[in-house]
Amino acid sequence: MNAELQQTSADWKKLCNWLTPLRRTLLILLLLSAPLLQMVWHGEGILKYGTKIVLQPAPVDPQSLFQGQYDILSYSINRLDSSKLRNTYPPKEPAEGMNIYVRMEAQPDGQLWQLVDSGLEWPPFVESNQIVLVGQITSANSSTLRVRYGIEQFFVPEGRGHEIEQITWRNASRLKVEVFVNRVGEARIGRILVDDKPAFTPSGLN
Amino acid sequence: MQPTRFSRQLETLLPEWVAKGWVDEAHQQALLQDATLRTQARWNLPGIIATLGSILVFVGAILFVAANWEAMDRTTKLALLFSGMFASFAGAHYARQRHASNIGSALAMLGTLFFGCNIMLIAQIYHLAANPPAGALTWALGGLAVAALWPSQLVAGLGFVLAGIWNYFVVTQEGNWFFDLWHNSPHYSYLLLWGAFTALATYKRWNGLAHLAGLSLLIWCLETALIIEDDLIGRFGGLLCMVVIVAFTWLAQSKPLQHLARTTSSYAWVLFGFWLLLMSTADIFKQAVRVSRDEATGGNFTLGLAVSAGMLLLGLYGLVMRRAPLLGGAMVMAALVPLCSYLPNIGLINSNDYYAMAYGTAHLCAILLSIGTVAAAIATVVWGSQNNEKFFINTGLVLFASKVLVLYFDTFHDKINQAQFFLVGGVLVIALSIILERQRRRLTAPSTAHHEGAAA
């Protein structure tokens, strides 16, 4: 036992000696960069390889302390009727925190995507013009389920949150959101479209 | 590592002490090393300025990127975010190589701040839904890695704060109010992160962090008690403090944990004094100890009664047998509050006049507790002076003065007019401060002399 302890202590000292100041700095940078790169990798992956769909939102404008201003976007699929869920075997009751799988379909004109159906399990089949969006139930108190998909926030340049609000207040159909969805149903916002043209590009709001 | 002023002085003095035969020559080097290790984290002016500068740079950088992101494409933004973090650590490494360890540490802290800034801004770039607990946890874990590898007490301090922010986000996530803890379950996983930071601080002998560790643990204990049962915190707050004090008094027997354990229990003692002060105020006591009819007939009533009675017996044993008179006395006071709240309910459950009787008895109990608090304050001062414990002398005197002032406010606020009330109150405060400061000096003087005598 004593010999084992001495060996451990010797190994520890060896490790400490190997960790020179330069190696420590490099190791720190490696450890700190790893989660950041994972975020970038995941985000880029969805934007590059995900299926592009277009949804119609209705925004409001709150403020984020450090990240700048953002618009909260709400979609029709944020509120689902619990009585219209796909049947599951064995039957399940929707509850807060559960995943919900929403099947969306492109409209014939190729513009907006619409809800086909939703359920507490991945749909048994998905047509070629359909995608599945995974959301999380945030409230299941009544017959209406509130669902979050991670596409409800869009960061806008400082002080310009009201521009979108004003556009949608006059004519809500002018605003659309380009969303990218990967194979497992995760979604990221790509662009905001106003009159089918990208908004908040370096050239400003169209 | 640059020698501090204290270790430089010691370096000059030690050979003289060795020559005079006060210090063994063999221990000279060990003493110097220990003194250097203990004082290495003390801050000089460049270190403080560098730290403040780091915070300003962090705030400036985050606001710059947040405000100007429209003008940059995604790649430029990411390059800017990563280069800020890399440049901070490169600067920190350079400073360390030039033996400016305090500036190096401050720049390492800036790098850690940039890491958190990058988490938030990358989330912004990809429009990720806000998840404050996950963000704060990742940031705190990054802080832990930097604190351990650098190693830096300053970054460890930042990490403690970040761990606290993570805990706050977790317990308030569901609530709409700033301190809305009631809809959540206790956040036990916080203890893992707290333990990791505390273990690091103990291993590295960063004694300054003991205060952060003690304070954050106490806040967590209080928060957890509030989450479990917010109605009972007033009644059982003293018992909770006693559990923390006993646990950390036991831990203090282990030499590496001594400083941390003593610091944590000091905060618990202060908290206990504050709780006693509140509970011995009649109006607060009456509200806090009110037992509902449902509770009085439920199983928790018996459990609460048994725990309180057990604590009372334990306290009396410590007090009467003089095994731990201060702790014993405190246990008695901690048990008396819940026992007083149960007193009106025993045998009166079916009484029609239940609330009136309970309220009347509560008033009597509050008076008894007030007398007990004054006695406890005096006993603490006496115990502190007998055992040369300045902390307990000061705590006892503050408790005594606070109790006198509370009694004055409680008794006279509606009996004399406002001008007289504040005039007399002011005179009372001044008189108390003079009398108690004289007493404090008189009581703490022998302990100083005692130490000087021991050193001689």
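Naming: A, B, ... by sequence-line order, numbering from 1 per chain.
Judged purely by distance below 3.5 Å, without hydrogens or angles, the side chains of B/S101 and B/H99 never pair a donor atom with an acceptor atom. Side-chain atoms of A/E152 and A/Y75 include no donor-acceptor pair closer than 3.5 Å. A donor and an acceptor atom, one from each side chain of A/Q114 and A/E105, are nowhere located under 3.5 Å apart.
Here the closest heavy-atom approach between residue B/A136 and residue B/W166 is recorded as CB-CA, 3.7 Å.
For a residue to count as touching a neighbouring chain, one of its non-hydrogen atoms must lie under 4.5 Å from one of that chain's; by this rule B/L149 touches chain A with backbone and side chain alike. With a 4.5 Å cut-off on non-hydrogen atoms, A/L36 touches chain B through its backbone and its side chain both. If you measure heavy-atom distances from A/L31 to chain B, the contacts under 4.5 Å come from the side chain alone. For A/L47, the part sitting under 4.5 Å from any heavy atom of chain B is the side chain, from C-beta outward, and nothing else. Heavy atoms of B/F114 lying under 4.5 Å from chain A are absent altogether. Heavy atoms of A/L22 lying under 4.5 Å from chain B belong to its backbone as well as its side chain. Contacts between A/P21 and chain B at a heavy-atom distance below 4.5 Å involve backbone atoms as well as side-chain atoms. Residue contact with chain A, scored on non-hydrogen atoms closer than 4.5 Å, involves the backbone of B/A148 exclusively.
A donor-acceptor pair under 3.5 Å is formed between the side chain of A/Y149 and the backbone N or O of A/I77.
Put simply, of A/T25, A/L19, A/I46, the one with the most heavy-atom pairs under 4.5 Å next to chain B is A/T25. Of the listed residues A/I189, A/I151, A/V40, the one with more heavy-atom pairs under 4.5 angstrom with chain B than any other is A/V40.
The pair A/E121-A/R86 does not count as a salt bridge, with every side-chain nitrogen at least 4.0 angstrom from each carboxylate oxygen. Using a 4.0 Å cut-off between a side-chain N of Lys or Arg and a carboxylate O of Asp or Glu, A/D196 and A/K176 qualify as a salt bridge.
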